[in-house]
Amino acid sequence: MTSPFTRTVELEVNGAPCARTINVRRHLADFLRHDLGLTGTHVGCEHGVCGACTVLVDGQSIRSCLMLAVQAHGKQVTTIEGLAPSPGVLHPLQAALHKHHGLQCGFCTPGMLTTLVELLNTVRNPSADEVRIAISGNICRCTGYEGIVAAALEAAEVIAASKEASK
Amino acid sequence: MKPPAFGYHDPQTVSAAVHLLASLPNARVLAGGQSLMPMLNMRVVLPDHLIDLNGVAEMSGVSIREGLLVIGAMTRQRDIEFSDSVMAHCPILPEALLQVGHRQTRNRGTVGGSLCHLDPSAELPCLAAVMDAVIETASPRGRRQITFADFASSYMTTSLDPDEIATQAQFPLWPQGHGYAFLEFARRHGDFALASAAVLMTTDAQGRISRIAVALSGVGPAPVRMQEAEQGLLGQVGGADLFAQAAKTCASLEPQDDIHAPAAYRKRLAGVMMRRALEKAYGRAARQ
């Protein structure tokens, strides 16, 4: 341990290990954006209300403005940049959001997607109500939620069908 | 909207955490961070040192022993929500937790953090009130137990000493077959409730209420036990008239006006939540 004001953190971000020495007051969202250049994670309200900065930590959705980067030491973080399986191939949720016009300005989209990834990983065939409750902590101010809900329901079907096919 | 500069400490044991809290000037304890982190970002809290309890493994976990549900203070709210043993023994907890914030906040937020933050509208303090929870704490003077009634001193204020941390909450279990309900009204899902009601009860073979506990929150500086209503309900056969009569005891509440709702509205809403929670709990209670 060095000074109580700086720390070296080692973690895995989108499958790649990384290490940085940072100021301990750096929250995870700023760490991702400024230290790693992963600007896909958006910072909206910065006090845990809007959901735009949602990322996955060890597979669970969390608000990255309410977690210090030092607390991510030793953890696996997945951001919007880590959802697509390979360059040029969209995650089923991304494809469905595109198809259903589930985004307009795109500011809330990374948080919507990471939140919904956790839902679809844990609930096989969610109802529209379950989708709405899942994204109740993510605020969209332009597109509205209809297309996002439709996209989540379709992506759930696509994921279930691909799991069925790979059996 | 960035946290102020602070020294960061991540003890691995309760005794190390308590030692740090007692020795560092102007130190704050960080649990799940779903209340303290916004306060840091907005700089309404300016600690010189932050003591992060997330590495203290002994403060996390759920167990059932001697009629008590024991929940470590650092247990995540999501872990209560998905716990089979909590669902089997204490179903009011998951029912209420589904209304605490959102998935993203429950994944980080802790039971102890919410109890110590003691927001007057929060669900967990209301549960602690209705269940007569006991909070176990640690300080340089050792461990002690505080009943929730004594723990919840006032508006967002606990009776913890400055060098003391809550380590676990003990919830006395109700018998199998008890009725339960947690109802709240919030403008949007996951918002702090304008008023909420928690009810636990048992009934006998004739449908008479043999034991009852009612707590409300959002209507005062801390959760309120409705003792007058409880006394009026005990021994009675449940029904719409009885529950409507019991809800009238909300007239004695003294909520404050605020930007979310005027006091009169909160008071009326509390009565409605209480009546509906009584009906729901009564319907769920086994006649035994």
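Just so we're on the same page: letters track the sequence lines, and every chain starts at 1. No hydrogens, no waters, no symmetry mates; every other heavy atom, side chains included, goes into these values.
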Chain A contact via Leu50(B) - side chain, backbone, both or neither, heavy atoms under 4.5 Å: side chain
Are side-chain heavy atoms of Leu40(B) and His27(A) found at a separation under 4.5 Å? no
Is the closest side-chain heavy-atom distance between Leu66(A) and Gln104(B) below 4.5 Å? no
Any chance CZ of Phe82(B) has more than 12 other-residue heavy atoms, nucleotides or ligands included, within less than 6.0 Å? yes
For chain A, the option from Ala5(B), Gly55(B), Gly32(B), Gly101(B) that forms the most heavy-atom pairs under 4.5 Å: Ala5(B)
Below 4.5 Å, heavy atoms only, C-beta onward: do Met67(A) and Asn54(B) meet side chain to side chain? no
Are more than 12 heavy atoms, taken from residues, nucleotides or ligands other than Arg276(B), located less than 6.0 Å from that residue's CZ atom? no
Under 4.5 Å between any side-chain heavy atoms of Gln60(A) and Arg103(B), yes or no? no
Heavy-atom check, side chain of His9(B) versus side chain of Pro4(A), under 4.5 Å: yes
For the NE2 atom of His189(B) and the CG atom of Asp129(A), what is their distance to the nearest 0.5 Å? 11.0 Å
Any side-chain to backbone donor/acceptor pair from Asn41(B) onto Glu46(A)? Under 3.5 Å, distance only. yes
Counting heavy atoms not belonging to His19(B), are there more than 12 under 6.0 Å from its NE2? no
Is the number of heavy atoms from other residues, nucleotides or ligands under 6.0 Å of Arg284(B) CZ greater than 12? yes
Met1(B), part contacting chain A, at a heavy-atom distance under 4.5 Å: both
Can you tell me which portion of Asp30(A) sits under 4.5 Å from chain B's heavy atoms? Options are side chain, backbone, both or neither. side chain
Which heavy atom of Val24(A) sits nearest to which heavy atom of Phe6(B), and what is that distance? CG2-O, 3.4 Å
Proximal component of Ser136(A), with respect to chain B [non-hydrogen, under 4.5 Å]: both
Run the salt bridge (charged side-chain N to carboxylate O under 4.0 Å, His left out) check on Glu118(A) and Arg106(B) step by step: do they pass? CA-CA 13 Å; Glu118(A) 186 192 22; Arg106(B) 295 195 297 272; over 6 Å; no
Might you confirm whether atom CG of Asp258(B) has over 12 heavy atoms from other residues, nucleotides or ligands at distances under 6.0 Å? yes
Take Arg188(B) and Ile139(A) through the test side chain to side chain contact (heavy atoms under 4.5 Å, CB included) and record every step on the way to the result. CA-CA 11 Å; Arg188(B) 291 165 295 260; Ile139(A) 296 174; over 6 Å; no
Heavy-atom side-chain proximity of Arg63(A) to Arg108(B) below 4.5 angstrom: no
More than 12 heavy atoms of other residues, nucleotides or ligands under 6.0 Å from CD of Gln104(A): is that the case? yes
4.5 Å side-chain heavy-atom contact, Leu30(B) and Leu68(A): yes
